[in-house]
Each structure stands twice: as structure tokens, then as C-alpha cells.
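Quick notes on the structure that follows.
Convention: sequence-line order gives letters A, B, ...; per-chain numbering from 1. Quick caveat, the model's predicted, so the values are computed rather than measured.
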Number of protein chains: 2
Amino acid sequence: MLEAKLDQAIMLKRLLDAIKELVTDANFECTEEGINLQAMDNSHVALVSVKLDAVGFTKYRCDRPMPLGVNLGSLTKVLKCAKDDDVVTLKAGDDADVLNLTYEAKNSDRIAEYDMKLMDIDSDTLGIPDTDYDARVTLPAAEFARIVKDLSTLGESVRIEVSKEGVRFASDGEGANGSVLLKQTDAAREKYAHYNDDDEASGTKDEDEEEEDGEDGEGAKKKKSKKSKVKTEDVEMDGEDEGEEEFKAKSDDEGEEEQDEEEEGNKKKRKTAPTKPAAKKSKKSDDSESPDGGVSIEMNQHVTLTFSLKYLVNFAKSSTLCNVVQLMMSNDVPLLVSYKFAQGHIRYYLAPKIGDE
Amino acid sequence: MLEAKLDQAIMLKRLLDAIKELVTDANFECTEEGINLQAMDNSHVALVSVKLDAVGFTKYRCDRPMPLGVNLGSLTKVLKCAKDDDVVTLKAGDDADVLNLTYEAKNSDRIAEYDMKLMDIDSDTLGIPDTDYDARVTLPAAEFARIVKDLSTLGESVRIEVSKEGVRFASDGEGANGSVLLKQTDAAREKYAHYNDDDEASGTKDEDEEEEDGEDGEGAKKKKSKKSKVKTEDVEMDGEDEGEEEFKAKSDDEGEEEQDEEEEGNKKKRKTAPTKPAAKKSKKSDDSESPDGGVSIEMNQHVTLTFSLKYLVNFAKSSTLCNVVQLMMSNDVPLLVSYKFAQGHIRYYLAPKIGDE
DNA sequence: TGTAGTACAC
DNA sequence: GTGTACTACA
């Protein structure tokens with residue numbers, strides 16, 4: 001039996017707007033810890049991973065793990081019937097074939113109830129192992145959205161170059177070439193210094209700061225690159241990056257997220273107390289104090305990757321969920337685009353284009 | 001080498017919005033004095049003429065005359081990538097085949113750079129000789145836009161009648177006929193009394209004022225019509241007004257604008273000092289002090305002309321550039337619709353419909 | 001916010 | 001095949 005109560009329906013609405021064009025059907029994997037969703041996009045090029053923490057709900061109860069196979073179109077329709085600030089309760093009985101949604105007005109003089117049919121979805125849960133990234137760029141979500149949208153009018157793909165000074169997005173098109181350089185700002189570095197402290201997979205903040213303050217060149221960077229990477233989940237890549245079926249299915253049905261918590265020993269160290277309560281606090285404050293923040297860059301190595309703009313534009317729809325986005329990159333590894341919000345996070349993975357495809 | 005810096009990207013954006021539907025490709029003729037653009041609309045019925053004064057730029061340098069063949073669609077795309085208050089710098093090397101546009105955020109932590117491919121465009125620069133118009137109507141641009149948009153829902157064309165009392169726009173359509181009369185107001189007459197003082201082609205203000213104050217009838221007007229017309233550039237008309245190829249190409253590649261400055265002796269006199277500095281000042285003040293102005297009419301002769309509404313609606317897009325528009329008319333001569341703004345002006349010419357075509 | 005394209009239903 | 005409705009883009 002699942003029962004999850006959420007204070008603001010708009011959060012769910014935005015979440016669905018953010019993924020429904022990418023994915024049509026997906027399993028909401030409900031466990032004691034919360035709700036996870038993971039799915040390849042329809043053309044199997046990108047991967048979406050959503051996590052809603054149990055603690056993010058006003059009330060959360062899930063007796064035993066249950067996957068809820070949801071058609072996202074249907075859910076979107078049903079959610080449209082909720083007012084933005086309605087209190088939403090999701091309910092599903094064990095082995096039920098419907099998800100029950102209850103919308104309660106704040107003054108509770110209106111109660112709407114919907115039963116949405118569930119479906120069986122093959123859940124070849126995809127493996128998203130931890131990854132240490134060579135570069136992490138933290139920037140205003142609106143800025144990112146604007147840039148990829150702008151460049152998508154010129155060309156098909158964008159080359160993202162991360163260096164000390166900043167991050168450059170460049171696209172070559174028929175009629176024009178475009179390039180946007182975002183310079184790192186000290187204000188942004190400070191603001192986002194502890195942005196990832198509460199992550200299961202946090203970056204190596206202290207080391208990064210040292211590195212970037214010192215003026216070591218590319219050579220020095222490369223030496224370090226193996227020992228102080230920016231860590232997060234990563235995806236397994238196929239050998240060939242042909243733009244289709246980039247991710248491998250994995251038989252393991254759980255632990256994609258939580259296993260990270262245990263993998264502390266891999267090439268990185270935590271900066272501060274990684275306990276959940278403290279972390280939540282710091283995240284909250286970061287989220288709210290980002291009015292027009294600049295760009296912050298943590299990196300071990302110069303990274304240059306090329307991606308399909310179409311997908312990035314789609315990812316940027318999550319700007320409604322959070323006004324900060326993080327891009328994690330390593331050469332020849334899928335880009336991770338991550339948005340955090342009060343209840344959890346949404347992450348997109350996109351394999352880079354190789355050569356001039 | 002061209003280098004032109006503009007403080008607000010939005011000005012260029014609006015300018016392109018104002019002409020891109022009319023013209024697909026055009027030469028930006030860059031000279032020491034500024035940038036001029038002149039082009040027939042795609043169906044060769046209307047003519048657009050844009051002037052950007054060198055002094056209107058924050059920084060302007062153009063070593064030698066160079067025509068930049070621009071696809072306005074591409075330029076529009078590229079300009080869309082600029083934020084409204086970005087500082088824009090246009091650069092083009094001698095014989096370069098690209099125009100470089102740099103957008104700098106006011107706080108300059110974002111720098112975007114675009115290279116737009118240029119093209120060779122046959123620049124049969126069109127002859128726009130001076131013309132003395134029989135009537136000049138000055139009115140709020142929004143008013144004009146509203147009227148032509150309203151009437152365009154009823155019929156194809158509009159009959160514009162200028163008389164002492166005011167200007168009438170009338171359209172006959174299938175289901176309904178419409179007619180809008182704007183009466184001249186004294187306040188507007190005063191307000192726009194010096195609106196054209198800085199033009200290379202200014203009107204004959206003193207005489208006009210006298211005429212309209214006196215109550216001479218049509219007969220008296222006609223006698224005067226040859227000696228005190230409202231002067232501006234005009235276009236050479238083809239003999240036949242068949243709605244196609246209304247304007248004649250001219251081999252002369254320059255002097256369409258500046259030659260006017262020298263033609264002081266032709267049937268008109270200037271009211272006040274026509275020197276540039278003074279002129280700029282008076283224009284600026286006029287531009288700013290037009291909050292909801294009325295209609296001002298200067299005329300020597302009753303004028304009635306019929307035009308295609310489709311084009312006028314298009315011209316009215318320039319309302320974003322200036323909130324005052326001037327209509328210059330003489331019987332059987334193309335209408336001139338003129339918008340002035342801080343950096344220069346945009347003028348549209350449209351041949352009248354003859355008979356009931 | 002308005003429009004244009006697409007998808008579905010009749 | 002046409003109409004309407006919804007969705008995505010400008």
C-alpha cells in the first residue's frame with residue numbers, strides 16, 4: 001500500500017511537463033525511501049531519472065516496494081484537473097491496477113478524486129553507476145535554457161567547453177555560428193560552494209577550490225584527474241555511440257540511487273557531515289538565495305563535448321522546478337544535467353556526439 | 001572594416017521585426033555616415049528604406065563604404081539570441097563574408113558571439129528622389145496601427161482622405177464598410193510643429209501653418225500646390241501602376257539621403273537653423289513628449305488615395321520603434337510612411353491603387 | 001498570450 | 001476526409 005501526500009500539486013504538474021515529451025510510459029518505483037522513476041526517452045538516446053524523497057512528502061507511507069506503471073500522458077491529464085496549490089494524495093493498494101489521486105483545496109471545501117489506470121511496464125531498470133566527473137558547472141537554469149534554445153535556432157548540436165575561466169557553448173549552423181561564453185564569477189563560486197553537500201554523490205569541494213585558485217595548467221590538472229573527480233551517478237555506455245540505445249539495461253532492480261550512499265571509498269572524500277538533516281537545510285537555503293546567480297565551475301580537467309541541442313532544450317524544461325542547474329561532464333561520457341528541488345531531483349543523461357555525426 | 005556598437009540590442013530586434021516580413025534579403029550599405037538599407041518588398045510593390053546614423057551608435061567606424069548582403073531571416077535568428085539590453089557590436093572586415101555580432105551583458109559576465117554568413121546581393125540601389133508632398137499627417141503610431149489592422153479585417157484596401165479637418169481612413173468590405181475619421185487637434189499641431197526640423201527633407205512649416213489657419217477653399221489650395229509642398233524623398237514611379245515593380249532601379253549608388261541636404265532651393269524654405277546638432281535636440285524632445293498625441297495635418301491640397309491594407313499593416317509594425325508616424329501623400333504618388341527614432345529612421349513607400357483594382 | 005502544427009475523433 | 005482539440009512553439 002502506498003500513500004503519499006504532497007502539499008502543492010504544481011510540483012507534480014511541473015515534473016510531468018518536464019518529462020512527458022521525452023517519455024510516454026514509465027514505472028514509478030515506490031519504496032520506503034520514496035518514489036523513483038527512471039526511463040529512456042522514446043528514441044532511447046537520453047535517460048531521465050527522477051527521485052522524490054519520502055521526506056519530501058507531507059506524509060509518506062509505502063509498506064513494500066511497488067512499481068506503478070504509469071502512462072505519463074494520462075497522468076498529465078489527470079494532474080491538469082488539480083489546482084496548482086491543491087494538496088495531492090497518491091494512493092495505490094498492493095497489486096492495485098489503479099493509482100488514486102485526491103485533490104484537496106487548501107480550505108478543503110473541495111475534494112476531487114481520480115483513479116488512473118496503471119499498466120505493466122517492463123522495468124529493465126537501467127544501471128546508473130556512480131561516476132566521477134571531470135567538470136561540474138553550476139549555473140542559473142534560466143541561463144542554460146536560454147542558451148540552448150538560442151543555439152538550437154542556429155544548429156543541431158552544441159559543443160560545450162569547460163575551462164577555468166568559464167564555460168563556452170558553441171554551435172555551427174547553416175546561416176550562422178554562435179558561441180556563448182559564461183564567465184565564472186566569484187559570487188557564484190561562493191554561493192554554490194555547498195550546493196552539493198547533501199548529495200549521496202557530492203563533489204570534492206575543497207580540492208576543487210584549491211585547484212581553481214592555483215593556476216596549474218592542463219598538465220597538472222590531468223595528473224590530478226584520477227584522484228579528485230566530481231562524483232555523481234553515471235551511466236554505463238554502450239561501446240558504440242551511435243545515437244541509439246546508449247544505455248545498457250541492467251537486471252539489478254534496486255539500489256541505483258541508494259547504493260551510492262555506501263560507495264564512499266571510491267576516489268573521493270566528503271567535505272562535511274553528509275547527514276541528511278544538515279544537508280537538507282543547506283540545500284533549501286541555496287535554492288532560495290539564487291536570484292540571478294552567476295556561474296560556478298569545479299573541474300579537474302578541461303572538457304569538451306558535443307551534444308544534440310534538441311535534447312538539451314527538452315531537459316531545460318525542468319527550469320520550472322529549480323532555478324539552478326548543474327552540468328556534469330567528463331570526456332566521452334554522457335552528460336548529466338541535474339536539477340534539485342525541495343522533494344528530490346531530476347537528472348538527465350545524454351551521450352555525447354562522437355566525431356561529426 | 002566596419003565596427004558599430006549599439007547600446008541596446010532591442011532596437012535592432014525591433015527594426016528587423018519591422019522589415020523581415022517585407023524583405024528577405026537586403027544590403028546594409030555601410031559608409032562613414034552610417035548604415036543604410038534600401039529594398040523592395042518581396043513582391044516589388046513596396047519599398048523600405050532604413051537609415052541608421054553613425055552618431056546614433058555608441059561607437060561607429062567604417063573605413064570605406066561596404067555593402068553587407070544580409071539574409072534578414074538569419075539576422076533575425078541571430079538577434080533573437082541577444083537579450084534586449086545587451087550591448088551589440090557589429091563587425092565586418094573588408095571583403096569579409098561574415099558579419100560578426102557580439103552581445104555583451106551589461107555586467108559583462110556573459111559574452112555571446114555570432115558569425116553570420118553574408119551573401120552577395122545585387123544592389124540596384126533604387127532612386128528615391130526628393131518629393132514635395134501635398135499632405136503630411138502626423139499621428140500616434142499606435143493609432144495608425146490600430147486603424148489599419150481594424151480595417152484590414154473588413155476589406156483589402158483603404159481609402160485615405162486628407163482634408164483640413166482631419167484624415168479619414170475608409171475601407172469597403174464584403175460584410176461591412178468601415179471608416180475612421182481622425183480630427184486634427186490644436187495640441188497635436190503645436191506638438192509636432194517642429195517634428196521635422198532636423199530632416200534633410202523638412203516640411204514648409206510656416207507656410208503650412210498659415211494655410212491651414214486661413215480658411216481658403218480647395219481652389220486656393222490648388223493654386224499654391226506647386227509652390228509650397230511638403231517636401232521629402234520620393235520615389236520614381238513606373239508609368240503603369242499595376243501593383244508590380246513600382247520603383248525604378250537607379251545606378252547611382254549613393255546620395256539618396258544626403259543629397260537632400262544640398263537641395264535647399266527647391267520650392268521650400270527652412271524655418272529654423274537646420275544644423276544637425278540643433279536638429280537632433282529638437283527631434284529627441286519631440287519623440288519623448290508624445291504621450292498620446294493627437295493628429296496634426298499639414299497640407300496644400302486635398303488628397304485622396306487608396307492603398308493595400310496588407311502593406312500598411314506591415315508598415316505599422318514599426319510602431320515598436322517610434323510612437324509617432326508620419327504619412328506623406330500626393331495624389332497619384334506613392335505614400336511615404338515614416339517613423340523616426342533615436343538612431344535614424346525607417347521609411348516605407350507604397351504606390352496607390354488606381355481605379356478599383 | 002497567441003498561433004501553428006499535429007493528433008485524434010467523427 | 002474533415003473537423004476539432006490539444007500541445008508545443010513563438
Task: Nucleotide C:dA7, atom P - distance to CG of A:N42 in whole Å - done: 13 Å

TODO: Only counting residues at least two apart or in another chain, list the ones meeting side chain to side chain contact (heavy atoms under 4.5 Å, CB included) with A:K310.
DONE: A:S308

Open item on the list: Once side-chain hydrogen bond (donor to acceptor under 3.5 Å, both in side chains) is applied, do any residues pair with A:S171, and if so which ones, sequence neighbours excluded?
Closed with: none

Counting only pairs under 3.5 Å, give me each side-chain donor-acceptor contact of residues 111-120 of chain A, with atom names and distances, residues two or more places apart or in other chains.
from	atom 1	to	atom 2	distance (Å)
A:E113	OE2	A:N100	ND2	2.9
A:D115	OD1	A:N100	ND2	2.8

TODO: Check every nucleotide of DNA chain D for an atom under 4.0 Å from a heavy-atom of chain A, then give the first and the last such nucleotide from 5' to 3'.
DONE: D:dT7 to D:dA8

Task: Those residues that, when tested against A:S338, pass side-chain hydrogen bond (donor to acceptor under 3.5 Å, both in side chains) (two or more places apart) - done: none

TODO: Identify whether any heavy atom of A:K149 sits under 4.0 Å from a base atom; if not, whether one sits that close to sugar-phosphate; answer base, sugar-phosphate or nothing.
DONE: nothing

Task: Test salt bridge (Lys or Arg N to Asp or Glu O under 4.0 Å) applied to A:R14 - qualifying residues, sequence neighbours left out - done: none

